[in-house]
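Read the numbers this way: they start at 1 and go in the same order the structure lists the ligands and their atoms.
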Amino acid sequence: MGKEDQKENEKIMKYRKTILITGGAGFIGSHVVRRFVKNYPYYLIVNADKLTYAGNLENLADVEENKNYKFEKTDIVDKKAVEKLFRKYSFAGIIHLAAESHVDRSITGPDEFVFTNIIGTVNLLNAARNGWHDNLDGKLFYHISTDEVFGSLGSEGMFTEETAYDPKSPYSASKASSDHMVRAYNHTYRIPAVISNCSNNYGPNQFPEKLIPLAINNIKNNKPVPVYGKGENIRDWLYVEDHASAIDKIFHRGKPGETYNIGGNNEWKNIDLIKLLCKIMDRKLGRKPGDSEKLITYVKDRPGHDLRYAIDSSKLQKEMGWKPIPEFEEGLEKTVDWYLANVKWLENVISGDYVKYYDSMYSGR
Ligand code: NAD
Ligand code: DAU
């Protein structure tokens, strides 16, 4: 080992634990990284991210200089790169968020979803298994998943931890598949693993291909706001920092082998949500009430569009005392304020690639 490597090793050794967070440059990942770097100075946080179109290190500009934070540009599909990462650090915990996450992209091109979400997860599981051998004490593989693995609800009922998997899109099928692999490694090889399945997140730093930031951006620029079908699909919205606080609790107190549902208990029909957003934007932009609503444009529906998601998060609430904080309108307002104040961030992520993607998604609708 050279002198530099030795110095680097000594630095790593002084931390109580080294934790790998994958996908930390993305929307939710960046909020999780920030929370862990700031709240746990005695953990070394390693953020491994490929920096796809959705990964943006600007999201972490405020913590990048912290001593207990390191970034490693890594593609989790690249088995050798993952093995190298696990040779460099001795991870006690893994919080796995890296994924292809957009349903519409999974419909036009499912392959990347299979590579990253399934093969990437298996590469991480294998590396954890090889690195941890039989010394599994104090180790945890925490897999971040979605409520979409449960499929679609009718007008009644909620998803619980016991709901059978019934994924309907290539995205949700790839996430369901990765959840099954995590459970199989827990059952077969005794890898200590937990999974959480969360509902729709919103908040700062979300890439503007997802409904809320896309609508904010279009309203701001007086462009049509595309609403799929009749706008009657229902989602259960959770502020991203509430997801990060749930992840923190589950990472520290979750029981290996268990699954936890996370949700906002906050169901909204898409069209009602967009109308509320238009009302907030009219106020923020000094427009006449009703002006932004005129931008609402009904477009061709998403193929196989899930009707309704609703999460029962009572297990997490009872066992760990977790609860979501901001009221939806307050959270939405904070989100609008963030996007209006961060014009540069928005301009940077809306690159040539985004414009091409947007045109291909919405031009024929
Ligand atoms: P995102 O698309 O904003 O970010 C994904 C991150 O993963 C990006 O930084 C990207 O660069 C990285 N990444 C993608 N492929 C990679 C690869 N091959 N190797 C390494 N890094 C790679 O996603 P998000 O919305 O922040 O979602 C994060 C996780 O949470 C995902 O696993 C998603 O399934 C899950 N989830 C999301 C929501 C939601 O509403 N956004 C809800 C529930 C669960
Ligand atoms: O439920 C959790 C999931 O939520 C996560 O696992 C996914 O990663 C995340 O992308 C999200 O999936 P959705 O498909 O629900 O989110 P999206 O923002 O793409 O769409 C929300 C709803 O709005 C959905 O019913 C489709 C609709 N929609 C979406 C877009 C982008 C529109 O009507 N118009 C649009 O332009």
Side-chain angles (χ1 to χ4, degrees), residues 21-33 47-57 59-60 72-78 81-82 95-107 112-113 115-117 119-121 123-124 143-150 152 159 169 171-172 174-175 178-179 196-203 205-215 218 224-238 240 243 247 262-263 268-271 273-274 296-302 305-311 349 358 361-362 365:
I21 299 182
T22 70
F27 166 47
I28 302 169
S30 60
H31 289 269
V32 176
V33 166
N47 168 19
D49 197 299
K50 178 182 174 184
L51 301 182
T52 65
Y53 77 93
N56 181 358
L57 287 177
N59 292 345
L60 290 166
E72 296 281 353
K73 189 169 187 305
T74 314
D75 179 356
I76 59 167
V77 180
D78 180 346
V82 172
I95 307 178
H96 174 37
L97 295 111
E100 286 293 335
S101 69
H102 191 37
V103 175
D104 290 326
R105 287 187 191 251
S106 84
I107 294 168
E112 274 316 307
F113 288 72
F115 297 141
T116 291
N117 298 1
I119 296 172
T121 302
N123 284 342
L124 289 167
H143 179 60
I144 307 299
S145 191
T146 169
D147 60 357
E148 301 199 8
V149 298
F150 300 121
S152 180
F159 299 131
S169 74
Y171 163 68
S172 54
S174 69
K175 290 296 288 186
S178 62
D179 291 13
S196 57
N197 297 87
C198 189
S199 62
N200 286 61
N201 285 215
Y202 71 100
N205 306 97
Q206 187 168 32
F207 194 82
E209 64 189 351
K210 308 277 167 67
L211 180 65
I212 291 179
L214 185 143
N218 285 17
V225 178
V227 171
Y228 297 170
K230 294 185 176 143
E232 293 198 328
N233 303 68
I234 295 171
R235 297 292 182 265
D236 171 2
W237 293 94
L238 179 72
V240 62
H243 191 186
I247 289 174
I262 311 171
W268 283 80
K269 261 189 196 165
N270 291 340
I271 187 62
L273 185 162
I274 293 299
I296 293 176
T297 308
Y298 293 95
V299 297
K300 200 168 127 223
D301 210 353
R302 171 186 281 174
H305 197 172
D306 287 343
L307 177 67
R308 173 174 167 255
Y309 307 140
I311 274 275
V349 299
Y358 190 87
M361 276 308 302
Y362 299 102
R365 289 183 142 165

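For the residues L238, L51, T74, D78, the heavy atom positioned nearest atom 20 (C) of ligand 1 is part of T74. Closest to atom 7 (C) of ligand 2 by heavy atom, among S101, P224, S172, is S101. For atom 7 (O) of ligand 1, the choice among G26, G29, G263, A99 with the nearest heavy atom turns out to be A99. When I119, I212, I28 are checked for heavy-atom proximity to atom 27 (O) of ligand 1, I28 turns out nearest.
For ligand 2, none of its N or O atoms has an N or O atom of C198 under 3.5 Å away. Distances between N or O atoms of K50 and those of ligand 1 include at least one value under 3.5 Å. Polar contact check, N233 against ligand 2: no nitrogen or oxygen pair lies under 3.5 Å apart. Geometrically, ligand 2 and T146 share a nitrogen or oxygen pair separated by less than 3.5 Å. Residue-to-ligand polar distances keep Y309 apart from ligand 2: every N/O pair is separated by 3.5 Å or more. Between D104 and ligand 2, no pair of N/O atoms sits closer than 3.5 Å.
A heavy-atom separation below 4.0 Å is found between H305 and ligand 2. In this structure, E209 counts as a contact residue of ligand 2, since one of its heavy atoms falls inside 4.0 Å of the ligand. Assignment of S30 to the shell around ligand 1 is not supported, since no heavy atom sits closer than 4.0 Å. Assignment of Y171 to the shell around ligand 1 is supported, since a heavy atom sits closer than 4.0 Å. Look at G24 and you'll find every heavy atom at least 4.0 Å from all atoms of ligand 1. For G120, the closest heavy-atom approach to ligand 1 does not fall below 4.0 Å.
The CD1 atom of I271 sits 11.0 Å away from the CG atom of N233 when rounded to the nearest 0.5 Å. Here the straight-line distance linking atom CD1 of I21 with atom NE2 of H96 works out to 13.0 Å at 0.5 Å rounding. Atom CG of N200 sits about 8.5 Å away from atom CD of Q206, to the nearest 0.5 Å.
Looking at K210 against ligand 2, both its backbone and its side chain come within 4.0 Å, counting heavy atoms. Under 4.0 angstrom from ligand 2, the non-hydrogen atoms of N200 come from both its backbone and its side chain. Here L211 has heavy atoms under 4.0 Å from ligand 2 in both its backbone and its side chain. Contacts of K175 with ligand 1, taken as heavy-atom pairs under 4.0 Å, involve the side chain alone.
Nearest protein heavy-atom contact of atom 10 (C) of ligand 1 is T52 OG1, 3.3 Å. Looking only at protein heavy atoms, the nearest one to atom 11 (O) of ligand 1 is D49 OD1, 2.6 Å. For atom 40 (O) of ligand 1, the nearest non-hydrogen atom of the protein is N201 N, 2.9 Å. Of all protein heavy atoms, the one lying nearest to atom 3 (O) of ligand 1 is F27 N, 3.1 Å. Looking at atom 19 (N) of ligand 1, its nearest protein heavy atom turns out to be I76 N, 3.0 Å.
Each of I311, I28, L238, V240 was checked for a side chain to side chain contact (heavy atoms under 4.5 Å, CB included) with C198, and the lone residue meeting it is L238.
Close approach to G23 involves these atoms of ligand 1, each under 4.0 Å from a residue heavy atom: 6 (C), 7 (O), 9 (O). The distance from ligand 1 to the heavy atoms of N200 drops below 4.0 Å at these ligand atoms: 40 (O). Counting the atoms of ligand 1 from 1 in the order shown, those under 4.0 Å from a heavy atom of L97 are 28 (C), 29 (C), 31 (C), 32 (O). The contact set between ligand 1 and D75, taken as ligand atoms under 4.0 Å from a residue heavy atom, comprises 17 (C), 18 (N), 19 (N).
With sequence neighbours excluded, the residues forming a ring-ring contact (aromatic ring centres under 6.0 Å, His included) with F150 are F159, Y165, listed by chain and number.
A heavy-atom distance below 4.5 Å is not found between the side chains of Y202 and R235.
The 12-atom threshold is not exceeded at NZ of K269, counting heavy atoms of other residues, nucleotides or ligands nearer than 6.0 Å.
Shortest non-hydrogen contact noted between T22 and A98 is OG1-N, 3.0 Å.
A salt bridge does not link E112 to R105: none of the charged side-chain nitrogens sits closer than 4.0 Å to a carboxylate oxygen.
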